[in-house]
There are 2 protein chains.
Amino acid sequence: MSLVANQGLRRLSVAALARRVGLVPSGIYRHFRSKEEILTAVLDRIQERLLANVQAAREEHDDPLDCLRDVLMRHVRFIREGRAIPRLIFSDDVHAGRPDRRQRVLAVLRRYTDELDALVRVGQRQGRIRKELDVQTVVMAFLGMVVPAGILWHLTEGGFDVTRHAQRAWKMFCAAVAEPQESITP
Amino acid sequence: MSLVANQGLRRLSVAALARRVGLVPSGIYRHFRSKEEILTAVLDRIQERLLANVQAAREEHDDPLDCLRDVLMRHVRFIREGRAIPRLIFSDDVHAGRPDRRQRVLAVLRRYTDELDALVRVGQRQGRIRKELDVQTVVMAFLGMVVPAGILWHLTEGGFDVTRHAQRAWKMFCAAVAEPQESITP
DNA sequence: CCCGCTTGTGAATGTATAATCACAATAGAG
DNA sequence: CTCTATTGTGATTATACATTCACAAGCGGG
């Protein structure tokens with residue numbers, strides 16, 4: 001039952017969540033033991049989604065760069081549906097006291113970057129991505145295309161065109177990391 | 001008196017702030033009318049600091065690229081002292097309801113990017129930065145070097161080496177945006 | 001030396017919200 | 001059709017926090 005209307009990703013507060021699923025606040029506790037549990041469930045869903053993005057992109061593209069680009073675009077789409085991943089990632093609940101929460105967030109992030117990491121490595125092995133680049137840095141640069149854009153998108157309440165930005169940023173990204181190809185098909 | 005110990009940037013809550021400045025919670029209200037006012041004051045200080053960074057970098061470097069690099073490094077230093085800009089930027093208080101708060105955050109961000117924007121333009125005019133690149137995208141890429149890194153730094157409680165990352169990211173950034181120089185000094 | 005202003009204190013109030021509980025509705029198995 | 005387990009409800013409690021207020025301490029100027 002963790003799938004109750006994650007549509008849009010709830011803002012904090014049990015009452016708000018309850019309203020969104022057409023329930024009275026106390027009803028929530030029939031499905032989750034505590035707010036903590038809700039939070040972890042949401043984090044799980046975020047992780048699922050991110051990994052599913054990578055998976056899907058992998059299935060559709062052989063070329064690692066194409067694949068990365070697809071992941072980027074999927075991530076952008078994800079940002080645009082779910083209102084508030086950042087809200088969740090930073091907000092009170094997450095960092096309020098206990099480190100286990102932060103730990104969990106970090107774990108999700110790491111899980112995602114590990115996938116990206118793998119993609120980049122493949123790209124390097126296939127000569128599509130410059131071998132002299134530090135993999136971690138490339139992955140961070142990838143996040144750099146999406147995170148600030150997401151924040152801006154959400155600060156402007158959708159006014160910032162994340163999609164267009166992603167397209168432009170991708171070109172710059174390629175300029176920085178793609179290995180110049182000498183021959184079209186050797 | 002807005003300067004009372006912004007050292008490290010307070011976590012949310014009047015009580016916490018009071019404790020940090022050696023006061024009893026109610027004492028805070030001798031200096032600020034409300035929590036709102038505290039928030040705005042902090043935002044003001046963040047903005048000041050960011051602009052001061054740009055200013056200082058500008059005074060020390062003629063070359064726009066060197067200047068940008070300096071801004072990057074200063075921003076990194078800023079991240080490392082102040083514990084929680086992100087915490088502030090996203091957290092509850094900011095987005096809780098009223099849009100004026102979000103508006104204010106956005107304004108601070110814009111003010112900063114405007115400065116960066118200007119730097120990039122100068123760089124383009126002087127032939128140091130590729131003219132065909134969209135200025136906005138370059139600025140966002142700049143933020144991309146610092147924002148996710150800051151987040152990671154703060155998720156790992158300082159475990160992530162932001163400085164080293166910034167140095168590596170800068171190289172990639174240059175590879176993407178710097179105009180290849182034909183002659184050392186024409 | 002005393003008066004008034006600024007700065008600090010402790011107790012008290014109000015509100016938002018997480019969490020609990022006793023009870024009602026409902027549904028599916030027997 | 002009835003019984004029991006699941007799911008929903010309203011009232012209630014507990015807690016954390018912002019904010020207020022009446023009062024005390026210190027300090028400068030007349």
Side-chain angles (χ1 to χ4, degrees), chain A residues 1-46 82-105, chain B residues 1-46 82-105:
Chain A
M1 337 308 197
S2 167
L3 14 88
V4 258
N6 265 39
Q7 180 60 284
L9 251 356
R10 77 274 306 94
R11 65 189 352 65
L12 18 93
S13 118
V14 177
L17 168 57
R19 218 173 311 120
R20 190 166 318 187
V21 295
L23 230 59
V24 80
S26 63
I28 295 296
Y29 291 86
R30 291 287 168 206
H31 305 271
F32 300 95
R33 219 187 294 282
S34 70
K35 193 181 174 182
E36 281 286 290
E37 208 172 285
I38 300 175
L39 266 269
T40 10
V42 176
L43 277 181
D44 285 350
R45 288 188 70 74
I46 292 178
R83 315 192 75 63
I85 310 105
R87 187 81 181 280
L88 194 257
I89 298 286
F90 297 96
S91 226
D92 47 0
D93 291 289
V94 173
H95 304 273
R98 285 100 27 198
D100 46 327
R101 184 105 265 139
R102 194 192 337 241
Q103 221 60 35
R104 186 78 187 75
V105 174
Chain B
M1 336 311 199
S2 167
L3 13 88
V4 257
N6 265 39
Q7 181 58 288
L9 251 356
R10 78 277 303 94
R11 66 192 346 67
L12 19 93
S13 118
V14 177
L17 169 58
R19 219 173 310 119
R20 190 168 317 188
V21 295
L23 229 61
V24 80
S26 63
I28 295 296
Y29 291 85
R30 292 289 168 205
H31 305 272
F32 300 95
R33 220 187 294 280
S34 69
K35 192 181 175 181
E36 280 285 290
E37 207 172 284
I38 300 176
L39 267 268
T40 10
V42 176
L43 277 181
D44 284 350
R45 289 188 69 73
I46 292 178
R83 314 192 76 64
I85 310 105
R87 187 80 180 278
L88 194 257
I89 298 286
F90 297 97
S91 226
D92 47 0
D93 290 290
V94 173
H95 304 273
R98 286 101 25 199
D100 46 327
R101 183 106 266 138
R102 194 192 336 239
Q103 221 60 35
R104 186 78 187 76
V105 174

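For clarity, every value in this text was computed on a predicted model and none was experimentally measured. Letters A, B, ... are given to chains in the order of the sequence lines, protein chains preceding strands, and every chain is numbered from 1.
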Write down the protein N/O and nucleotide N/O pairs, taken from nucleotides 10-16 of chain C, whose separation is under 3.5 Å; answer none if there are no such pairs.
residue, atom, partner, partner atom, Å
C/dG10, O6, B/S26, OG, 2.8

ask   = At what distance, to the nearest 0.5 angstrom, does NE2 of B/H31 lie from CG of B/L17?
value = 9.5 Å

query = In whole angstroms, how far is the C1' atom of D/dA16 from the NZ atom of B/K35?
reply = 11 Å

key: Between C1' of C/dA18 and CD of A/E37, the distance in whole Å   = 14 Å

remark   = Against the side chain of A/L23, the closest entry in D/dT9, C/dA18, D/dT19 is D/dT9

inquiry  = I want to check one thing: is the phosphate of D/dT6, taken as OP1 and OP2, less than 4.0 Å away from some side-chain N or O of A/H31?
reply    = no

ask   = When the distance from OH of A/Y29 to C1' of C/dC21 is rounded to whole Å, what number comes out?
value = 13 Å

inquiry  = Rounded to whole Å, how long is the line connecting atom CZ of B/F32 with atom P of C/dG8?
reply    = 12 Å

request  = Please round to the nearest 0.5 Å and tell me the distance separating atom OG1 of B/T40 and atom CZ of B/R104.
outcome  = 7.5 Å

Integer-rounded Å distance: C/dT20 P and A/R33 CZ = 10 Å

query = What are the two closest non-hydrogen atoms of A/L23 and A/I28, and how far apart are they?
reply = CD2-N, 4.0 Å

inquiry  = Rounding to an integer number of Å, can you tell me how far A/I38 CD1 sits from C/dT17 P?
reply    = 14 Å

task = Using heavy atoms to find the nearest nucleotide of DNA chain D for B/S34 and B/R30 separately, return the residue whose nucleotide is more 5′.
result = B/S34

OG on B/S13 to CZ on B/R19, rounded to 0.5 Å = 6.5 Å

query = How close do A/S34 and A/Y29 get, heavy atom to heavy atom, and via which atoms?
reply = CA-CE2, 4.1 Å

remark   = CG (B/D44) and CD (B/E37) are apart, to the nearest 0.5 Å, by 10.5 Å

